Each structure stands twice: as structure tokens, then as C-alpha cells.
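See below for the structure under consideration.
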Amino acid sequence: MKARVTVGALLWLALITGLHVQLNVGWERLRGMLLGRRELVVGFLPVT
Amino acid sequence: MTEHSEEGSFFRSQKFTDWPTVKEALIAKEIGAAFILAPMAMQLRADGVPCKIVYLGHRDGTALVVGKDSHIHDFSDLRGKTIAVPSRYANQTLLMYKMMKEWHMAPDSIELRELPPPEHPTALLSGSIDGYIVGEPFAAKAEMDGFGRVLYHTKDIWPDFISCVLVVHEDLIERDRALVQELVDGIAKSGKWLDADMEHRMEAAEVAGKMYYFQDPKLLKYVLSKPVDRVKYTHLLLRKDDFDEIMNLAVENHVLARPIAFEEYADPSFCHSLEDLDWDLGHLPPVPADAASTGRPGE
């Protein structure tokens, strides 16, 4: 019983962590950060 | 506009809805680069903000729009009318002053009212203004929806008109020239690809409308095709003469407090001939099925 609760808690933790990463950073961006890929934010207005 | 360059760098676009916020984000270094109005970029530099123009966003792509059934048929009919402009620091505002001079009208003979671009069409529809001058797709919006009429396209009154320019922080230029070069080359290649084939323009309208602008792709297709030279994405190199003309107009009309030298606010060293660039991307990746309905946040 104790083991099942621990595994369940870990799975839940992994799921929540994964969702946070996906929503706030994105897997592709995280991968780029880990690989040392450079990033630049470019502002724009939706006009030509 | 891409998220990934061929070299693997990550270019993230951040959408804004008004010019002052873009300016503030640039000053606060929340963004490293931005497409802003040309005179605004000069003013930023004059104010001591360490940034430089490195490339153009496009050429032409602005129109002066009036009510479809209005009795305005040439520029002189605008005397005493109220015309919306995107900003005091917009080249569109300078164009209005230039036209007033050419038509022998006093600089105050037309009331110029600053309004954020997305509000121009609704202001015309509500009757609070008599017309507006703005970058696309807001000119085409009134035309497509049937309540506006283009009085002039900039391509007909100021050929190769400059509206938005790419501005980059000077510290980024010093720290990572290669990244800035990658961005400039990417814009140049995209522009070359866009202007090469009408099919490319239609694809781009689909992708940009659904994934970046969150606007009806039909509107963007209209902008990019009616007429085809309504907006151009080639010849985006920085030409000193073009900018001197803008700067002199800005000083003459008290938009800029003092003359500012081209070298102070522009760095043309990133501009290369289009002949040296090629983009082997035949077609854009398909738009994800859920992009049209949900959109994607701020990128």
C-alpha cells in the first residue's frame, strides 16, 4: 500500500512538472536551452 | 517570421497592440529587437536609447483610407477633416505633412489624430474620423468590409515608402553580431521567398493569420494580392537617402527636435545583397489543425 502511494505520488509529480514545463516554457524551447541554443525575442505589431 | 533559423537559434516573436508598449519593452530590454516606426527609431536614438536600425520590415503597405460614400476624391478634399495616424512618430504622419505641403495646404489644415492601428477601421465606421492612414492590413479591412475606400496607396504617392524598421539593441550588436546577422538574413530570405511567387504569399497569409497575427487569412491574402505590389518584401536594405528624407521631414514638422545623422541611428553593415541569399524552403510547414481555433500564445 505504501509503495503504491509513493509511486502514485511520483507519477503525479512527474505529470504536473511536465505540464508546467510544457505550458510555461515548451519542450522545444527547453531542449534549445539545454543545448545552449541562442534565443532572441522580437517585438512586433500586427501590421505589415 | 520564424521560431527556428537554419542555424538552430530560437527567434521568438512577441505581439504588441500599440507602439508605446513596444518602445517601453525595448527600453526595458524585455525584447532584444523590434519592428518599430522609422521616425520612432530615430527619436529613441535621439533620446539616448542605445539601439540601431539594422534592416527594413517591408516597403509600401500603407494606404490612406476614407469612407466609401464620402465626397473625398483627392487630397484637397481632406481640408478641415480629421484623419487618424498610427503615431506622432510614424512615417505616415510625415507623409501627411509632405502631402499638405505639395498640395499647398497649411500644416494644420487637416486634424491628425493619433490612434492605435487596430482602432482605425472602427473609428472610421463610427464616424469619429473622416479617414485614416495606416499600415496593412487595417487599410484593407475597411475596404474588404465594404465601408472604406483607398484614396491613395503609398506606392503611388511615395514609392518605396518605409513604415516599419527592425531595431536592435546596441549591446546585442556588440555581444552577438552573428545572432543579429542570422535574424536579418532570415528576414531577407523570407522576403525574397514571399515576393518570388503568389502561391508563397497565399501560404504565408494562411500561416501568419492563424499562428501570429490571429487575423482572418482572407484579409491577409487580400493585402498580399490586391494589387500584388500593395506591399513589398524585397529591397529592404538601408539607404541613407531614404532615411535623410524622413529625418528632414521630421525635423521640419517638429516631430524630431534636432537633426540626427544616419550613422547615429542606423547600422547597415548587416545588409547583404539578395543575390547572396537563397532559401530552399519550397513551402511552409502546414498549420497545426488546432491553431485556427485556439491560436498560440504570444509567439
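Keep in mind that this is a model prediction, so the values were computed, not measured.
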Quiz item: Looking at residues at least two apart in the chain, or sitting in another chain, which of them share a salt bridge (charged side-chain N to carboxylate O under 4.0 Å, His left out) with B:Asp195?
Solution: B:Arg201

Quiz item: Which is it for B:Phe10 and A:Leu40 under the side chain to side chain contact (heavy atoms under 4.5 Å, CB included) test, yes or no, and what are the steps along the way?
Solution: CA-CA 6 Å; B:Phe10 197 90; A:Leu40 178 59; over 6 Å; no

Self-check item: Note, A:Val42 side chain near B:Leu183 side chain (heavy atom, < 4.5 Å)
Solution: yes

Exercise. Identify the two heavy atoms, one from B:Ser13 and one from A:Phe44, that lie closest to each other, and give their separation to 0.1 Å.
Key: CB-CE2, 3.8 Å

Quiz item: In this structure, are over 12 heavy atoms from other groups packed under 6.0 Å from B:Lys52 atom NZ?
Solution: yes

I'd like a table of donor-acceptor pairs (distance under 3.5 Å, sequence neighbours excluded) in which one partner is a side-chain atom from residues 174-181 of chain B, with atom names and distances.
residue: B:Asp176; atom: OD1; partner: A:Arg38; partner atom: NH1; Å: 2.8
residue: B:Asp176; atom: OD1; partner: B:Leu179; partner atom: N; Å: 3.2
residue: B:Asp176; atom: OD2; partner: A:Arg38; partner atom: NH1; Å: 3.2
residue: B:Arg177; atom: NH2; partner: B:Ser269; partner atom: OG; Å: 2.9
residue: B:Gln181; atom: NE2; partner: B:Asp185; partner atom: OD1; Å: 3.0
residue: B:Gln181; atom: NE2; partner: B:Phe270; partner atom: O; Å: 2.9
residue: B:Gln181; atom: NE2; partner: B:His272; partner atom: NE2; Å: 3.3

Quiz item: With a 4.5 angstrom heavy-atom cut-off, which part of B:Leu224 approaches chain A: side chain, backbone, both or neither?
Solution: neither

Quiz item: Is the CH2 atom of A:Trp27 crowded by more than 12 outside heavy atoms at less than 6.0 Å?
Solution: yes

Exercise. Counting only heavy atoms closer than 4.5 Å, note whether B:Leu172 contacts chain A via side chain, backbone, both or neither.
Key: side chain

